[in-house]
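Here the structure is a predicted model, which means the values were calculated and not measured. As the structure lists them, so they are numbered: ligands from 1, and atoms in each ligand from 1.
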Amino acid sequence: MRTLVTYYSETGNTRKIAEAIHGEITGEKVILPFGELSTLDGYDLIFFGFPIMQFGAPRKVRMFLKAHAAGKNMALFVTHASWEEPGQEDFLAGWLGKCKAAAAEANLVGFFHCRGELSADAAERFLASEFEEVRQFGGMQPATVGHPSEEELETAREFARRMQ
Ligand SMILES: Cc1cc2nc3c(=O)[nH]c(=O)nc-3n(C[C@H](O)[C@H](O)[C@H](O)COP(=O)(O)O)c2cc1C
């Protein structure tokens, strides 16, 4: 069993999940940041992670998956800064749906998502936006601090075991 764990991560949250998954799986395993990835060929299982950016998968990730994911056994993992207040779940569900759609041609064997800290830099930019919704998003940065939590990392490890 040859397994790849690959991740796109700008501020380290998705990397933490990737490392937790990689630490948990057994057999022949490789961990590669997205920037070093050239192919998805040659693996029995691929854990592919990225953050939600602008309401879906980052563009680079979408382009790569479109070109390389067809027919691959893939377990997706996603981090995001979304909150769980009543009424907000529908937004998150829609964005997560777009993340899955980015890998539509893969054989999706599993999906994991959890919260990741919104960087202070990003929050500052969002708070200066002309759009009220973007400012609101920036305003919830304090509630994201400390994510992914140890509990979320443990859930990711459990996900890794289940996928294998
Ligand atoms: C430019 C930008 C856009 C983002 N857009 C969203 C979004 O639409 N929805 C969301 O829940 N989180 C959004 N986030 C928050 C990130 O998904 C979250 O902080 C994630 O854990 C970052 O992962 P990373 O540390 O691996 O880069 C955004 C962050 C940035 C910087």
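- Nearest to atom 25 (O) of ligand 1 among the protein's heavy atoms is Thr11 OG1, 2.4 Å.
- Within 6.0 Å of the CE atom in Met63, the count of heavy atoms belonging to other residues, nucleotides or ligands does not exceed 12.
- The heavy atom nearest to atom 12 (N) of ligand 1, out of those in Gly138, Cys114, Ala81, Pro148, is found in Ala81.
- Residue Glu117 has at least one heavy-atom neighbour below 4.0 Å for each of these atoms of ligand 1: 19 (O).
- The distance from ligand 1 to the heavy atoms of Pro51 drops below 4.0 Å at these ligand atoms: 17 (O), 20 (C), 22 (C), 23 (O), 27 (O).
- Under the 4.5 Å side-chain heavy-atom criterion for Ile, Leu, Val, Met, Phe, Trp and Tyr, Leu118 and Val134 are members of the same hydrophobic cluster.
- For atom 11 (O) of ligand 1, the closest non-hydrogen atom on the protein side is Ser82 OG, 2.7 Å.
- When non-hydrogen atoms are compared, ligand 1 lies under 4.0 Å from the side chain of Trp95 (C-beta onward) but not from its backbone.
- The heavy-atom pair separating Met74 from Ala69 by the smallest distance is CE-CB, 3.9 Å.
- Of all protein heavy atoms, the one lying nearest to atom 20 (C) of ligand 1 is Thr79 OG1, 3.3 Å.
- Ring geometry for Phe137 against Trp95 counts as perpendicular: the plane angle is over 60°, on a 0 to 90° scale with 30° as the lower cut.
- The shortest N or O to N or O distance between Arg15 and ligand 1 is not below 3.5 Å.
- For ligand 1, the atoms sitting less than 4.0 Å from at least one non-hydrogen atom of Glu10 are 24 (P), 26 (O), 27 (O), numbered in the order shown with element in parentheses.
- Neither the backbone nor the side chain of Phe50 comes within contact range of ligand 1; no heavy atom lies under 4.0 Å.
- Regarding atom 10 (C) of ligand 1, its nearest protein heavy-atom neighbour is Phe137 CZ, 3.2 Å.
- The Met53 neighbourhood of ligand 1 comprises atoms 1 (C), 2 (C), 3 (C), 4 (C), 5 (N), 30 (C), 31 (C), with distances under 4.0 Å to a heavy atom of that residue.
- A donor-acceptor contact closer than 3.5 angstrom is absent between the side chains of Thr11 and Ser119.
- Classification of the His113-Phe111 ring pair by plane angle, with boundaries at 30° and 60°, yields tilted.
- Nearest non-hydrogen protein atom to atom 8 (O) of ligand 1 is Phe55 N, 2.7 Å.
- No part of His147 comes within 4.0 Å of ligand 1, judged by heavy-atom distances.
- The contact set between ligand 1 and Leu118, taken as ligand atoms under 4.0 Å from a residue heavy atom, comprises 15 (C), 19 (O), 29 (C).
- Short contacts between ligand 1 and Ala122, defined as distances under 4.0 Å to a heavy atom of the residue, involve ligand atoms 31 (C).
- With a 4.0 Å heavy-atom cut-off, ligand 1 is reached by no atom of Phe91.
- Relative orientation of the Phe34 and Tyr8 rings is perpendicular, given thresholds of 30° and 60° on the angle between their planes.
- Among protein heavy atoms, atom 3 (C) of ligand 1 sits closest to Gln54 N, 3.6 Å.
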Q: Given salt bridge (charged side-chain N to carboxylate O under 4.0 Å, His left out), test Arg161 with Glu158 step by step and report yes or no.
A: CA-CA 5 Å; Arg161 289 195 293 274; Glu158 193 272 323; 5.6 Å; no
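- Taking the six-membered ring where the residue is Trp, the centroids of Phe77 and Phe112 are separated by 6.0 Å or more.
- The closest non-hydrogen atom to atom 16 (C) of ligand 1, taken over Asn13, Leu92, Ile52, comes from Ile52.
- Of all heavy-atom pairs spanning Pro51 and Pro58, the tightest one is O-CD, 3.2 Å.
- A donor atom on one side chain and an acceptor atom on the other are found under 3.5 Å apart for Ser149 and Glu152.
- Salt bridge status for Arg157 with Glu154: present, with a side-chain N to carboxylate O gap under 4.0 Å.
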